[in-house]
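Quick note on labels: first sequence line is chain A, next is B, and so on, each numbered from 1. Quick caveat: nothing in here was measured; it's all calculated off a predicted structure.
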Amino acid sequence: MSSAQYRSLKGMQDILPPDIYLWQKVEQTAQRIFSVYGFQEIRLPVMESTSVFTRSIGENTDIVEKEMYTFTDKGARSVSLRPEGTASVVRSYVENSLYNLPAPQKFYYSGPMFRYERPQSGRFRQFYQIGVEAFGDPGAKLDAEVIAMLALLLSFLGLEGVSVQINSIGCEVCRPGYREALITFFSAKREGLCPDCLRRYDKNPLRILDCKASGCIELRQGAPRITDHICGDCRTHFEKLQSLLSLLKVSFSLNPEMVRGLDYYTRTTFEVTSQGLGAQNAVAAGGRYDRLVREFGGPETPAVGFALGIERVVELLKKAAPHAAPVPLVFIASIGDKAGSESLGIAQQLRQRGLWVETGDPSGSLKSQMRRADRLGARYVFIIGDEELLSGRLKWKGLDGSGQGELLFSEIEAFLTALVEK
RNA sequence: GUGGGUGUAGCUCAGCCGGUUAGAGCACCAGGUUGUGGCCCUGGUGGCCGGGGGUUCGAAUCCCCUCACUCACCCCA
């Protein structure tokens, strides 16, 4: 509803239970998978000098031209909220001379990114990415490992219906030639292109290849393919990647029309897409960027990485299965002040053992306390009143219908540890 | 930046061509005999009908403006 006086900003959302448990699952699973591949976490600022992004992402990309949250700070410096993670990682890699550490160096990060766009399904102004970057190895082996790691993560998360597509967009040696070939090809057909593609023709002709307009799809029949134009080195690299992926049993398909929006990619680019996400169907995407470290003033250092959109993965998980939010192990219902105090003591003791315990309101009816225990999803209820205080035995009841009985106060811990271990 | 859709209780929505105190389901709270949840029954809390202006004896219902949300394009995770 729109009646609240204060609302979060457009495109920015609160992440609340029960969704948060899926977020945690994604982050924890990623952490686990990445660590066995030797990737270490790094945490970087969400704000950088604007030039960190303009130089790396590309001056005339949409991200830089119209999507950055850029402003002047109190020291008259132009700063920007990060629209993606790679630029910051490279800046940090160079600033901290991490190239002096044994190669390859492999890192991952997780956190919010910001782009001033019109929100739509699967797209937000503040969105979260988990990303990885591996530095210092030019071989296709590294590309293959990174892609295999991504595939493994998605499979551990139980995502189905996702597909990996790869492409090679060449290097600074061969890409200009391909670009020329495309311009030549389309120059005779400019009349038929859609207005967007007319812009692309001048700005980034590769983009005509993934236009959705039917007219453009027809026109590009027979257009030169990037994979026919890449140089020998790039071809070798690309073929090696494919054979390694097959070896690693990562299923993938070639998509010579896949284009990346950031300027810094070289050779390998890849994308994981999913059905059922709406128009924004990319779950993760990445590629190789062999020149970027150099451009940041570091030594010639090849690198490869990807970023995964957490919201989109969570969305898929939500569709796949109902959430399993954690529930309390025990709810202690009590009747009367004395029993109420006793139950607090017991709760404290059990919480020190790492068990989730909730307590009821001793001035409320037992019925209302039972009801609350049920709504919380508690597995067991303990009942303590005057009777129990006198006898030294509390009543327990399994809310899943697993019976009820009595229990000496001194037996509580043993009773519960047995349950937890089951 | 461009185009479409939608705005009525916390959530999902009904209120047909304007007519009296604005509804349902779910959720929440409390009861249904004395200390026991889930099902059922009863009651209760909760709505400037997104906001402003206009037409009218009378508007949630018609008209205009505005804001918000949403989907799509551009672009992208």
Engineer: With under 30° as parallel and over 60° as perpendicular, where do the rings of A:Phe382 and A:Phe415 fit, or are they tilted in between?
Structural biologist: tilted
Engineer: Check every atom of B:rC74, B:rG37, B:rG3 against the side chain of A:Asp196 and return the nucleotide holding the closest atom.
Structural biologist: B:rC74
Engineer: Looking at A:Val64, A:Val52, A:Thr86, which one forms a side chain to side chain contact (heavy atoms under 4.5 Å, CB included) with A:Ile57?
Structural biologist: A:Val64
Engineer: If you measure from the P atom in B:rC16 to the same atom in B:rA60, how many Å do you get, rounded?
Structural biologist: 12 Å
Engineer: Counting heavy atoms from C-beta on, name the nucleotide in B:rC74, B:rG35, B:rG37 closest to the side chain of A:Asp374.
Structural biologist: B:rG37
Engineer: Given B:rU36, B:rA68, B:rG35, identify the nucleotide with an atom nearest to the side chain of A:Lys397.
Structural biologist: B:rU36
Engineer: Give none if B:rC16 has no partner; otherwise give the nucleotide forming a Watson-Crick or G-U wobble pair with it, both distances under 3.5 Å.
Structural biologist: none
Engineer: Can you work out whether A:Ile383 or A:Ser365 has the more 5'-proximal nearest nucleotide on RNA chain B?
Structural biologist: A:Ser365
Engineer: Could you measure between the two C1' atoms, the one in B:rC39 and the one in B:rC26, and give it in whole Å?
Structural biologist: 16 Å
Engineer: To the side chain of A:Arg7, which of B:rC69, B:rU36, B:rA77 is closest?
Structural biologist: B:rC69
Engineer: Using only atom types and a distance under 3.5 Å, with no angle test, would you say the side chain of A:Gln221 pairs donor to acceptor with the backbone of A:Ile217?
Structural biologist: yes
Engineer: Taking B:rU20 as the reference, what is the distance to B:rG3 when you measure between their C1' atoms (whole Å, please)?
Structural biologist: 42 Å
Engineer: Go nucleotide by nucleotide along RNA chain B from the 5' end; which of A:Gly11 and A:Asn281 gets its closest nucleotide reached first?
Structural biologist: A:Gly11
Engineer: Base, sugar-phosphate alone, or nothing: which one does A:Val283 contact when heavy atoms must sit under 4.0 Å apart?
Structural biologist: sugar-phosphate
Engineer: Base, sugar-phosphate or nothing for A:Tyr128? Non-hydrogen atoms, less than 4.0 Å.
Structural biologist: nothing
Engineer: For A:Arg371 and B:rA30, is the shortest distance between a side-chain N/O and OP1 or OP2 below 4.0 Å?
Structural biologist: yes
Engineer: For B:rC74, does the base pair up with any side-chain atom of A:Arg118 as donor and acceptor (N or O, under 3.5 Å, distance only)?
Structural biologist: no
Engineer: Do A:Phe39 and A:Tyr109 make a side-chain contact, defined as non-hydrogen atoms from C-beta onward lying under 4.5 Å apart?
Structural biologist: no
Engineer: Would the base of B:rG35 count as contacting A:Glu388 through its side chain, where contact means a donor and an acceptor less than 3.5 Å apart?
Structural biologist: yes
Engineer: Does B:rC69 pair with anything, Watson-Crick or G-U wobble, both distances under 3.5 Å, and if so, with which nucleotide?
Structural biologist: B:rG5
Engineer: For atom C1', what is the distance between B:rC29 and B:rC65, given to the nearest Å?
Structural biologist: 42 Å
Engineer: With P as the reference atom in both, quote the distance from B:rC63 to B:rC17 in angstrom, rounded to an integer.
Structural biologist: 10 Å
Engineer: Heavy atoms under 4.0 Å, any strand shown: does A:Gly131 hit a base, just sugar-phosphate, or nothing?
Structural biologist: nothing
Engineer: Could you give the distance separating B:rU42 and B:rC57 at their C1' atoms, to the nearest angstrom?
Structural biologist: 42 Å
Engineer: Considering every strand and a 4.0 Å limit on heavy-atom distances, what is the contact class for A:Glu67: base, sugar-phosphate, or nothing?
Structural biologist: sugar-phosphate
Engineer: Nearest to the side chain of A:Gln120, which nucleotide is it out of B:rC73, B:rC69, B:rA77?
Structural biologist: B:rC73
Engineer: When the C1' atoms of B:rG58 and B:rU21 are considered, how many whole Å apart are they?
Structural biologist: 16 Å
Engineer: Say you pick atom P in B:rU12 and the same atom in B:rC69; how far apart are they, in whole Å?
Structural biologist: 15 Å
Engineer: Once you apply a heavy-atom cut-off of 4.0 Å, does A:Thr61 come out as touching a base, just sugar-phosphate, or nothing?
Structural biologist: nothing
Engineer: Please give the nucleotide sitting opposite B:rU56 as a Watson-Crick or G-U wobble pair, both distances under 3.5 Å, or none.
Structural biologist: none
Engineer: For A:Lys367 and B:rG37, is the shortest distance between a side-chain N/O and OP1 or OP2 below 4.0 Å?
Structural biologist: yes
Engineer: Looking at every strand, decide which applies to A:Ala373 at a 4.0 Å heavy-atom threshold: base, sugar-phosphate, or nothing.
Structural biologist: nothing
Engineer: Please name the nucleotide paired to B:rG43 by Watson-Crick or G-U wobble geometry with both distances under 3.5 Å, or report none.
Structural biologist: B:rC29
Engineer: Go through A:Tyr108 and A:Phe34 one step at a time and tell me if the ring pair (Phe, Tyr, Trp, His ring centres under 6.0 Å) criterion holds.
Structural biologist: CA-CA 8 Å; A:Tyr108 74 89; A:Phe34 294 169; 5.3 Å; yes
Engineer: Is A:Arg82 salt-bridged to A:Glu48, cutoff N-O under 4.0 Å?
Structural biologist: no
Engineer: Find the partner of B:rC74: check Watson-Crick (N1-N3 plus N6-O4 or O6-N4) and G-U wobble (N1-O2, O6-N3) distances, both under 3.5 Å, and reply none if neither fits.
Structural biologist: none
Engineer: Would you call A:Glu117 and A:Arg123 a salt bridge, using N to O less than 4.0 angstrom?
Structural biologist: yes
Engineer: Between the side chain of A:Arg379 and the main-chain N/O of A:Pro328, is any donor-acceptor distance below 3.5 Å?
Structural biologist: no
Engineer: Tell me what A:Glu387 touches on the nucleic acid: a base, only sugar-phosphate, or nothing, going by heavy atoms under 4.0 Å.
Structural biologist: base
Engineer: Indicate whether OP1 or OP2 belonging to B:rC75 is found under 4.0 Å from a side-chain N or O atom of A:Arg125.
Structural biologist: no
Engineer: Looking at the side chain of A:Arg115, which of B:rA30, B:rC75, B:rA77 is the nearest nucleotide?
Structural biologist: B:rA77
Engineer: Which nucleotide wins on minimum distance to the side chain of A:Ala285, given the candidates B:rC74, B:rA77, B:rC71?
Structural biologist: B:rA77
